[in-house]
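What you are looking at is a predicted structure, and each value in this text was computed from that prediction instead of being measured. We're numbering straight along the sequence, starting at 1.
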Amino acid sequence: MSRSDEIDEAVILRFRADWLADRARGETRSVAEYLERFPKEHWAVVAREFFELTDGGAAESSRSAADTADESAGPDGRFGPYRLLRELGRGGQAVVYLAEDTRLNREVALKLLTDRHARSAQALLRFHREAEIASRLNHPNICTVHEAGNEGNVPFIAMQLIEGETLGRRIATAKETGADPNPTPVSPTANEAGGTSERDDAVALLPPELQQRETLFGIVEAIEKVARALHSAHEAGVIHRDIKPGNIMVTTDKMPVLMDFGLAREEEPDQPTLTGTGELFGTPAYMSPEQLTRHTIPLDGRTDVWSLGATLFECLTLRRPFEHPTREGLYQAILLR
């Protein structure tokens, strides 16, 4: 037996002892609670063993995190130290609320992992990894993570509240209305009360061809800010792996902010991967050829550069650089052209 196998066996024995002791006391704990007892390098082993002992997590509640949050909240809509104000949106794995942190009297975006997906070891590990990685990154164009943890067995991430809309939404609107998706950063002379800046007023007086030029420069300038944010992440050893317009928020003062590190991973070879062999994660239209090889080619920061280039192309042309009616056709277009 190798040294690694011996360590895994010791972790399994310790976890099983804890699990059996809790059961003997009549206590039922979530996988998230058990993960907190072990170093992160052992999470994959603990999660796998947990789901084997609980028949795929059947002992966990099947309610959504939104239901759990609502039931955990008091009459004033409390979720732990947070007061839920309204739902901002939801996806396949999580729901995001506008919430007030009552300890600091500030509004945050509170992301809760749904229980249905929390029963998946892969999803839970990615959720914890997202919080851990994003909280280490410090850049004005990367969404800040304030806190992460569990409340009532519901994993949560409290993030900086970004007022605005995604670049993906802006592109969709531009396609529908013929407007431009320009997220030009506001100049230092901008009206802090929300009015137009001197630069905006000046651009409006330019002839159409020069206005278009300013629009193009504005788009390139915004993508440059995202590129610098990505460079900061890459210097910290983090690959985002899902760069796309939908993960770039444009704030009300027109600053781009990179969001959602749910698929991010660290470049260090000793870090456990959160994707199985042959699994494909990301958004295909923006993936680099290396991502489409399903882990047969090691990834580094250049895969994010490719995806950001595809994003810039769509911002400038309102169409994606590679399009095909079928997914396999899209893969071939990216790999062969």
Side-chain angles (χ1 to χ4, degrees), residues 89 91 96 109 111 130 133-145 157 159-175 179-188 190 197 199 213-267 281-288 290-291 299-322 334:
V96 180
K111 184 176 184 178
E130 174 185 3
I133 287 177
S135 65
R136 295 205 319 260
L137 301 177
N138 182 21
H139 193 279
N141 296 102
I142 293 178
C143 183
T144 301
V145 169
I157 302 175
M159 303 175 291
Q160 171 190 3
L161 179 64
I162 307 295
E163 298 283 359
E165 61 181 348
T166 66
L167 190 53
R169 181 64 259 168
R170 281 177 171 250
I171 291 173
T173 300
K175 290 179 179 179
D180 71 75
N182 177 23
T184 308
V186 175
S187 69
S197 67
R199 173 178 173 176
R213 180 182 177 185
E214 285 294 317
T215 293
L216 296 179
F217 282 163
I219 292 173
V220 172
E221 186 178 354
I223 296 299
E224 179 193 7
K225 290 183 179 295
V226 178
R228 292 185 182 278
L230 268 179
H231 179 66
S232 175
H234 293 163
E235 285 192 321
V238 174
I239 312 170
H240 189 284
R241 297 201 303 167
D242 196 21
I243 300 296
K244 61 182 179 181
N247 281 338
I248 300 172
M249 183 72 79
V250 181
T251 69
T252 52
D253 59 358
K254 300 182 182 179
M255 290 295 289
V257 179
L258 184 58
M259 312 279 291
D260 198 348
F261 280 76
L263 294 184
R265 64 175 298 183
E266 295 165 293
E267 289 191 79
F281 288 90
T283 306
Y286 306 95
M287 283 184 179
S288 68
E290 291 79 9
Q291 277 183 283
L299 297 181
D300 57 32
R302 289 174 291 183
T303 190
D304 288 340
V305 175
W306 171 285
S307 300
L308 188 61
T311 297
L312 174 60
F313 184 96
E314 186 174 8
C315 287
L316 295 174
T317 66
L318 298 184
R319 64 182 181 85
R320 295 171 179 173
F322 301 99
I334 294 173

>> Name the residue from Leu167, Ile162, Thr166 that meets the side-chain contact (heavy atoms from CB on, under 4.5 Å) definition with Val250.
In response: Leu167
>> Any heavy-atom pair between the side chains of Ser307 and Gln291 that's under 4.5 Å?
In response: yes
> Of all residues at least two apart in sequence or in a different chain, which pass the side-chain contact (heavy atoms from CB on, under 4.5 Å) check with Glu235?
Replying inline: His231
> Taking only residues two or more places apart in sequence or in another chain, which ones pass salt bridge (Lys or Arg N to Asp or Glu O under 4.0 Å) with Glu130?
Replying inline: Lys111
> Mind checking what makes side chain to side chain donor-acceptor pair (under 3.5 Å) contact with Arg302, not counting sequence neighbours?
Replying inline: Asp300
> Which residues pass the side-chain contact (heavy atoms from CB on, under 4.5 Å) test with Ser232, sequence neighbours left out?
Replying inline: His139
> Among all residues two or more places apart in sequence or in another chain, which pass the side chain to side chain donor-acceptor pair (under 3.5 Å) test with Ser135?
Replying inline: none
> Of the non-hydrogen atoms in Val257 and Ile142, which two are nearest, and what is the gap between them?
Replying inline: CG1-C, 3.9 Å
>> If the threshold is 4.0 Å, N to carboxylate O, is there a salt bridge linking Glu314 and Lys175?
In response: yes
> Does the Asp304 side chain pair with the main chain of Arg241, one donor and one acceptor, at a distance under 3.5 Å?
Replying inline: yes
> To the nearest 0.5 Å, how far apart are CD1 in Ile248 and NZ in Lys225?
Replying inline: 13.5 Å
> Taking all atoms of both residues into account, what is the closest heavy-atom pair of Val145 and Ala134, and its distance?
Replying inline: CG2-CB, 3.5 Å
>> To the closest 0.5 Å, what do you measure between SG (Cys143) and CE (Met159)?
In response: 5.5 Å
>> If you compare all heavy atoms of Met249 against all heavy atoms of Gly164, which two are closest, and at what distance to 0.1 Å?
In response: SD-C, 3.7 Å
> Of the non-hydrogen atoms in Pro284 and Ile334, which two are nearest, and what is the gap between them?
Replying inline: O-CD1, 3.3 Å
> Side chains of Arg136 and Val238: closer than 4.5 Å at any heavy-atom pair?
Replying inline: yes
>> Would Thr311 and Ile223 count as a side-chain contact (heavy atoms from CB on, under 4.5 Å) here? Give the steps.
In response: CA-CA 8 Å; Thr311 297; Ile223 296 299; 4.3 Å; yes
>> Using only atom types and a distance under 3.5 Å, with no angle test, would you say the side chain of Asn141 pairs donor to acceptor with the backbone of Met255?
In response: no
>> For Asp242 and Phe261: C-alpha separation, side-chain torsions, deciding distance, then whether side-chain contact (heavy atoms from CB on, under 4.5 Å) applies.
In response: CA-CA 8 Å; Asp242 196 21; Phe261 280 76; over 6 Å; no
>> Can you list everything that forms a side chain to side chain donor-acceptor pair (under 3.5 Å) with Ser288? Sequence neighbours excluded, please.
In response: Glu290, Thr303
> What distance separates Ile171 CD1 from Arg320 CZ, expressed to the nearest 0.5 Å?
Replying inline: 8.5 Å
>> Just verifying a value: how many Å separate Leu161 CG and Thr144 OG1, rounded to the nearest 0.5 Å?
In response: 11.5 Å
>> Donor-acceptor pair, distance only, cut-off 3.5 Å: does the side chain of His240 make one with the backbone of Ala233?
In response: no
> Excluding sequence neighbours, so at least two apart, what forms side-chain contact (heavy atoms from CB on, under 4.5 Å) with Glu165?
Replying inline: Arg169, Arg170
> Got a sec, which residues hit side-chain contact (heavy atoms from CB on, under 4.5 Å) with Ala310, two or more places apart in sequence or on another chain?
Replying inline: Tyr286, Pro321
> Do Leu308 and Leu312 pass the side-chain contact (heavy atoms from CB on, under 4.5 Å) test, and can you show the C-alpha distance, the side-chain angles, and the key distance before you say yes or no?
Replying inline: CA-CA 6 Å; Leu308 188 61; Leu312 174 60; 5.9 Å; no
> Above 12 or not: heavy atoms from other molecules or residues under 6.0 Å from CZ of Arg228?
Replying inline: no
